[in-house]
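Small disclaimer: the values here were computed from a predicted structure and weren't measured.
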Amino acid sequence: MTHWFHRNPLKATAPVSFNYYGVITGPAASKICSDLRSSRARLLELFTDLSCNPEMMKSAADSYFSLLQGFINSLDESTQESKLRYIQNFKWTDTLQGQVPSITEDEAKEVHRSLKIAAGIFKHLKESHIAKLITPAEKGRDLEARLLEAYIIQCQAEAQEVTIARAIELKHAPGLIAALAYETANFYQKADHTLSSLEPAYSAKWRKYLHLKMCFYTAYAYCYHGQTLLASDKCGEAIRSLQEAEKFYAKAEALCKEYGETKGPGPTVKPSGHLFFRKLGTLVKNTLEKCQRENGFIYFQKVPTEAPQLELKANYGLVEPVPFEFPPLSSHWTPEAMAAFDLTQRPKDDRGKPKPEEVVKPVKEPDIKPQKDTGCSVS
């Protein structure tokens, strides 16, 4: 999946020591800061660890965020902020401005579930936390509403791609596959529209990817809709649907080339080189030829001038974000531990002198080699 889904670069972050000299006045506070250092370091290590699985990532994230929440919320679960809310600034880079492998059924389920969880995390941040930021998100930055919405929708669309691949392999009804493909194409179109007002210098590559996926799954929808029409003896309409599939597949091919030539953040994937992509072209061609033959021998139906309207609704397989909540506050956060942070001893900010801009090193992402391309098989 690494070389099929477009990804913006991983966000990098400046080191945080959690050393508050003078503020920490007791062992309980010292223990919390020590655990924060180690749990944050562990979480960041897992971002580039190829052996990491979702359970490991969740455990590390829960460990870190259960401790970090003491810096955000009061211990009595009221709406009051923690007295430590402003003690630490975090610095992150900005992702935009700053061959399909065969996978097992279990791996496909893991990819599907992880993407739904990711959508839920983005949704939770957008709806519950972004408004609380000390410094409001700037336009075009990662925490701005348009980008978060695009990430939510893209996660949903990519999760549905796994569902479509599975439905094709299990030979589900063409009507269901067409409806899923149509809904997925709409997701990609919606994500692309969400980014349309961003500066092209930062968003063009991402938008090319979203547009090519929209065309690709629109072609899938027309292809399988054509099979449904043929099964209903509507051969003329089936031919027109397949012709539309052919048109959108050609658009997707052209966009793959444009995407590869477009400069922008993130590694360049090569969808058109995948068997899953190429098989659709063959399927469209063969199905169209079959319809034309049968129309010439059996049906003798007129081919409509206008393409059929796709008003397809999938009643199965649609993806919704998995609801996300931060883990409970760590048990280390007791009133005694909070009292051991004495903010009156915090060094005063030297606001008279400009602070040098801190450079955040980019994350060195692992070079994941594509496995042997065996098509869209997921079991």
Side-chain angles (χ1 to χ4, degrees), residues 1-2 4-14 43-44 47-48 57 61 65 68 72 89-98 111 114-161 183-215 217 255 258-259 262-269 271 319-326 360-363 365:
M1 292 297 178
T2 305
W4 176 255
F5 295 146
H6 171 85
R7 288 292 176 267
N8 292 325
L10 286 176
K11 292 175 74 66
T13 181
L43 180 59
L44 294 176
F47 287 161
T48 55
M57 182 62 74
F65 286 116
L68 190 64
I72 304 171
N89 286 327
F90 297 87
K91 184 172 183 180
W92 295 83
T93 57
D94 193 76
T95 59
L96 291 185
Q97 301 178 45
V111 169
S114 294
L115 286 166
K116 291 196 297 180
I117 290 173
I121 293 172
F122 285 126
K123 189 172 188 288
H124 180 71
L125 291 174
K126 179 175 179 279
E127 295 178 352
S128 303
H129 296 284
I130 299 305
K132 300 177 185 177
L133 289 174
I134 297 171
T135 304
E138 298 177 31
K139 289 184 177 180
R141 299 289 181 173
D142 287 336
L143 297 181
E144 201 243 314
R146 289 173 296 179
L147 270 75
L148 285 172
E149 184 66 16
Y151 278 125
I152 293 167
I153 300 168
Q154 182 174 333
C155 287
Q156 290 178 271
E158 290 177 346
Q160 282 189 190
E161 288 197 54
E183 300 272 16
T184 303
N186 285 342
F187 268 140
Y188 279 118
Q189 185 176 43
K190 184 179 178 182
D192 177 53
H193 179 73
T194 302
L195 300 176
S196 62
S197 56
L198 291 179
E199 174 59 45
Y202 305 126
S203 63
K205 189 181 188 70
W206 191 2
R207 291 192 63 200
K208 287 289 184 187
Y209 166 78
L210 297 171
H211 194 190
L212 78 85
K213 283 293 187 77
M214 184 275 287
C215 289
Y217 281 100
L255 283 165
E258 291 177 22
Y259 166 76
T262 303
K263 296 185 181 300
T268 300
V269 294
V319 168
E320 290 294 333
V322 172
F324 174 82
E325 293 290 341
F326 280 112
V360 180
K361 295 180 180 179
V363 177
E365 301 186 36

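Taking the salt bridge (charged side-chain N to carboxylate O under 4.0 Å, His left out) definition, one finds that Lys190 meets it with nothing, sequence neighbours left out. Residues passing the ring-ring contact (aromatic ring centres under 6.0 Å, His included) test with His193, sequence neighbours excluded: none.
Side-chain contact annotation: Glu161 with Tyr188, donor-acceptor N/O pair under 3.5 Å present.
Scanning all heavy atoms of the two residues, the minimum distance from Ala150 to Thr194 falls at N-CG2, 4.0 Å. Contact record, Gln156 with Ala119: CG-CB, 4.4 Å, taken as the closest heavy-atom pair. Residues Phe187 and Val319 approach most closely at CZ-O, 4.4 Å, considering heavy atoms. Nearest heavy-atom pair across Thr184 and Gln160 is OG1-NE2, 2.9 Å. Summarising the geometry of Glu158 relative to Leu115, their closest heavy-atom pair is C-CD1, 3.6 Å, with the distance given to 0.1 Å. Contact between Leu212 and Leu255 at its shortest, heavy atoms only, is CB-CB, 3.6 Å.
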Using side-chain contact (heavy atoms from CB on, under 4.5 Å), reason through Lys139 and Arg146 one step at a time and then give a plain yes or no.
CA-CA 9 Å; Lys139 289 184 177 180; Arg146 289 173 296 179; 3.9 Å; yes
Kindly indicate, with the supporting measurements, whether the criterion side-chain contact (heavy atoms from CB on, under 4.5 Å) is fulfilled by Met57 and Phe47.
CA-CA 8 Å; Met57 182 62 74; Phe47 287 161; 3.6 Å; yes
Give the C-alpha distance, both sets of side-chain angles, the deciding distance and a yes or no for side-chain hydrogen bond (donor to acceptor under 3.5 Å, both in side chains) between Lys213 and Tyr209.
CA-CA 6 Å; Lys213 283 293 187 77; Tyr209 166 78; 3.0 Å; yes
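Contact check for Asn89 versus Thr135: no side-chain heavy atoms found under the 4.5 Å cut-off. For the pair Ile72 and Lys132, the minimum side-chain heavy-atom distance is 4.5 Å or more.
The structure places OH of Tyr202 at 7.0 Å from CZ of Arg141, a figure rounded to the nearest 0.5 Å. In this structure, the separation between OH on Tyr217 and CG on Asn186 is 14.0 Å, given to the nearest 0.5 Å. The NZ atom of Lys126 sits 7.5 Å away from the CG atom of Leu148 when rounded to the nearest 0.5 Å. For the atom pair SG (Cys155) and NZ (Lys123), the distance works out to 13.0 Å, reported to the nearest 0.5 Å. Put simply, CG on Asp142 and CG on Leu125 are 11.5 Å apart, with the number rounded to the nearest 0.5 Å. Atoms CG and OG, from Leu210 and Ser196 in turn, are 11.0 Å apart once rounded to the nearest 0.5 Å.
When ring centroids are compared, His124 and Phe326 come within the 6.0 Å threshold.
Distance alone, capped at 3.5 Å, is enough to place a donor-acceptor pair between the Lys205 side chain and the Thr262 backbone. Side-chain N or O atoms of Thr93 include none that pairs as donor or acceptor with a backbone N or O of Lys11 at under 3.5 Å.
For the side-chain hydrogen bond (donor to acceptor under 3.5 Å, both in side chains) with Asp192, the lone residue among Gln154, Arg207, His211, Lys208 that qualifies is Arg207.
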